[in-house]
Trainee: 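Have a look at this one.
All figures in this text were calculated on a predicted structure; none of them were measured in a lab.
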Amino acid sequence: MASIVPAHGDQIRNVAVVGHGGSGKTTLVETLLHQAGLTTRLGKVDDGTSILDTDAEEQKRHITINMALAAFSYEGTKINLLDTPGFADFAGDQRAALRVVDAAIVVADASAGVQVGTQTVWAELDRTKMPRIVVVSRLDRENADFDAVLGQLRLAYGIRVVPLHVPIGTHQEVNATIDLLHGTVRKGPKDPVGPDLPESERERIGEYRRQLVEAIVETNEGLLTRYLDGAELSYEELRDALHAAVRDGGVLPVVAASSSKKVGFGALLSTIVEMLPSPTERGAVSGTDPAGQDVVRRPSPDERLAAFVFKTLADPFVGKLSYVRVYSGTLHHNSSVYDATKGETERVGQIMVLCGKEQDAVDAVGAGDICAVPKLAASNTNSTLCDKDAAIVLPPIVFPEPSFSVAIEPSSKADLDKLGAALHKLLDEDPTLHVRRDDATHETILSAIGESGIEVAVHHLRDKFGVQVETRVPRVPYRESIRGKAQAQGRYKRQTGGHGQFGDVWLEIEPLQPGSGVVFATRVVGGSVPKNFFPAVEKGIREQAEKGVIAGHPLSDFKATLYDGSYHAVDSSEMSFKIAGSIALQSCVKEAQPYLLEPIVELVILVPEDQMGDVLSDLNSRRGRVLGMESADAGHQRITAHVPLAETFRYATDLRSMTGGRGVFTSKFLSYEQCPSHIAEKVVAAHASTEEPAAAH
């Protein structure tokens, strides 16, 4: 890897490359690296030669799954580019990248324009007030239209979106861009300043320059006054004002680029250096000390150390690799730091500067810079590294909540032994994954943002950690209850050589209010069942209630009263009365009008107004009850609905399909409600079919 100039503060640009999936983000970064002299051969996503997409799943799918860091120097400035996934299923890494950068490059496909991913990330950039530029890429494509995409951007996001570099020529004839601010034509990477502007382009370019200059002077009162007075503004004045406007969000420049034609990338590199803010300009970072008091750290090497782990990679051969942003102070190799989040001391051995899979070891990394640290023992994503006597905890990354779940089961005993450790490493690597044990169904549930996230996680378990698992739709954690009152006998008698087994109980059950659980009582008179057997009867009842009676799901919200029975002085035992209690409960339930309860979840769905009809119709087909609709931002409606959990397992995929990826939702458990009879009958029948072989045995 080419040497990188050590940098501090003003000499650094930390930039996330974001946009819709498939818009050309990785290709753009690969071309920038090639233009800057970091690579001798242009890597390509489609043929698997990209130095950034190193994961086997990325190469197979031709998409970015993991954030990739590309660090390089250009004209004395160190540039850290974070190439992020564009597909919603892998949005966690995009969120992590945006947490630690100072600016963003939004990539828009010249033939597709403003897409769903563009809108999603734009809203996130607006929320965090992130400075940005827009790159209209793939200008050589047949349907490419820079002017149309610029018009879409201005229509969607206002007149602060203005052109900075405009292409000359269309499609395969694109051969140069013009820098509207400087007034120069930049032809190619080896010939930055080309011929004069063609006559046919003068009117169009003149209009674009007017838009740019007016947007700049609108952000600077002094320049605006002079502009309105007809004064000539110098390039330096406009450049400095544009830099300030981009930093403050007052102007959002649009530049043109074509990777296949190698057009626009020299200009883009200059724009990154000249127009995007440095860590120093973005200012101090805030956190809290151990006492919970607010602490501010300036991006200066003179401050005490504050560094943040924003990404963890788990490699089965190399070990753990942590991506770290240093906010203040200096991180040195072969040093000890304090993980204020975990309360543990960490040893920092090597410090690496990354460019894709290429690594360079460095002695130290200063304030504002980004690096990678291998083999941190306890620290993971969201950990703050600092000096122990000047501890600070920086705010964590808030990751998207998972919305797609599967039940996983190891394929063999060997896989079972390795599964726990593998899942722990997998969750370290991707915090958007959640794993939990469902006590009601006794399943291990793996959840991700979407179906593709689950597929990739399962492949990583197999290929990276050597664990094979099977997946299936999770079981619905139904519950059983009763409506009526019933009495029944439970009698267990078994004669073997020597002592036999005998237990005999009479049980009465009655329904209780929802949430009451299982209540056990006694009213035995005359010693028909000795008191020392009461706990055994209760244990038998509770264990059977946990197993269920009619459908194999927990039975609850009832009172069981032991009121009579008999015993044998020699053959009665705790085990026999436990079994008798279980038998009595089963007999009682069948006479007490049993029914099935199903879990209900509350969905809060954000959808575009023009797709409300499809979403509401679909909710109706899922037995959903719509409770309310209200206007949200940017032409969206917020729908709140109560839907049976059984109808939501594929909702993440189905909603994305219905809305073209523009709909999102959150889900939370609400309550249990009575299951409709036709569905309950199917659940009971399915349970009976699995019980029959055991009964026959």
Trainee: Using side-chain heavy atoms (C-beta onward) and a distance below 4.5 Å, is T77 in contact with R13?
Mentor: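 Heavy-atom side-chain distance check passes, below 4.5 Å.
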Trainee: Do I397 and R95 come close enough that some side-chain heavy atom pair is under 4.5 Å?
Mentor: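 Yes; the side chains approach each other to less than 4.5 Å.
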Trainee: If only side-chain N and O atoms count, and only distance matters, is there a donor-acceptor pair under 3.5 Å linking T26 with T64?
Mentor: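 Yes.
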Trainee: To the nearest 0.5 angstrom, please state how far the CG atom of D387 sits from the CG atom of L305.
Mentor: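 Result: 5.0 Å between the selected atoms.
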Trainee: Taking the inter-plane angle between the rings of H20 and F87 on a 0 to 90° scale, is it parallel (under 30°), tilted (30 to 60°) or perpendicular (over 60°)?
Mentor: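 H20 vs F87 ring planes: tilted.
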Trainee: Test side chain to side chain donor-acceptor pair (under 3.5 Å) on D339 and S379 and set out the steps.
Mentor: CA-CA 7 Å; D339 182 340; S379 301; 2.7 Å; yes
Trainee: I'd like to know if D248 and K129 make a salt bridge, using a cut-off of under 4.0 Å between side-chain N and carboxylate O.
Mentor: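 Not counted as a salt bridge, because no side-chain N and carboxylate O are separated by less than 4.0 Å.
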Trainee: According to side-chain hydrogen bond (donor to acceptor under 3.5 Å, both in side chains), does anything in residues 289-301 pair up with another residue at least two apart or in another chain? List the pairs.
Mentor: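 Non-adjacent pairs meeting side-chain hydrogen bond (donor to acceptor under 3.5 Å, both in side chains): R298-E303.
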Trainee: Using atom types as modelled and distance alone, determine if a side-chain donor or acceptor of H243 lies under 3.5 Å from a backbone N or O of E274.
Mentor: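 Between the backbone of E274 and the side chain of H243 there is a qualifying donor-acceptor contact (under 3.5 Å).
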Trainee: Mind checking whether I133 and T271 have side chains closer than 4.5 Å, heavy atoms only?
Mentor: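 Yes; the side chains approach each other to less than 4.5 Å.
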Trainee: Is the Lys NZ or Arg CZ of R127 less than 6.0 Å from the centre of W122's six-membered ring, within 45° of the axis?
Mentor: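 Because its charged atom misses either the 6.0 Å distance or the 45° angle limit, R127 does not stack over W122.
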Trainee: Would a distance-only check, ignoring hydrogens and angles, find a side-chain to backbone donor-acceptor pair under 3.5 Å from S278 to Q11?
Mentor: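 No, because the side chain of S278 does not come within donor-acceptor range (under 3.5 Å) of the backbone of Q11.
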Trainee: Taking atom types as modelled, is there a side-chain donor on T312 or T381 under 3.5 Å from an acceptor on the other?
Mentor: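 T381 and T312 do have a side-chain donor-acceptor pair below 3.5 Å.
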Trainee: Is the NZ or CZ atom of R210 positioned over Y208's six-membered ring, under 6.0 angstrom from the centre and within 45° of the axis?
Mentor: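 Negative - R210 is either too far from the ring of Y208 or too far off its axis.
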Trainee: When you measure from the side chain of R325 to the backbone N and O of F308, does any donor-acceptor pair fall under 3.5 Å?
Mentor: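 No.
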Trainee: Looking at residues at least two apart in the chain, or sitting in another chain, which of them share a ring pair (Phe, Tyr, Trp, His ring centres under 6.0 Å) with H182?
Mentor: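 Partners of H182 by the ring pair (Phe, Tyr, Trp, His ring centres under 6.0 Å) criterion, ordered by chain and then number, come out as Y235.
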Trainee: Taking all heavy atoms of L394 and all of R99, pick out the closest pair and write down the distance.
Mentor: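 Shortest heavy-atom separation between L394 and R99 comes out as CB-NH2, 3.9 Å.
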Trainee: Determine whether more than 12 heavy atoms belonging to other residues, nucleotides or ligands lie under 6.0 Å from atom CD of E236.
Mentor: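 Counting neighbours around CD of E236, more than 12 heavy atoms of other residues, nucleotides or ligands fall under 6.0 Å, so yes.
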Trainee: For the residue pair I12 and A367, what are the closest heavy atoms and their distance?
Mentor: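 Scanning both residues completely, I find the closest heavy atoms to be CD1-O, 4.0 Å.
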Trainee: Would you sort out whether D140 and K262 count as a salt bridge (charged side-chain N to carboxylate O under 4.0 Å, His left out), showing the intermediate values?
Mentor: CA-CA 10 Å; D140 53 290; K262 296 183 181 177; over 6 Å; no
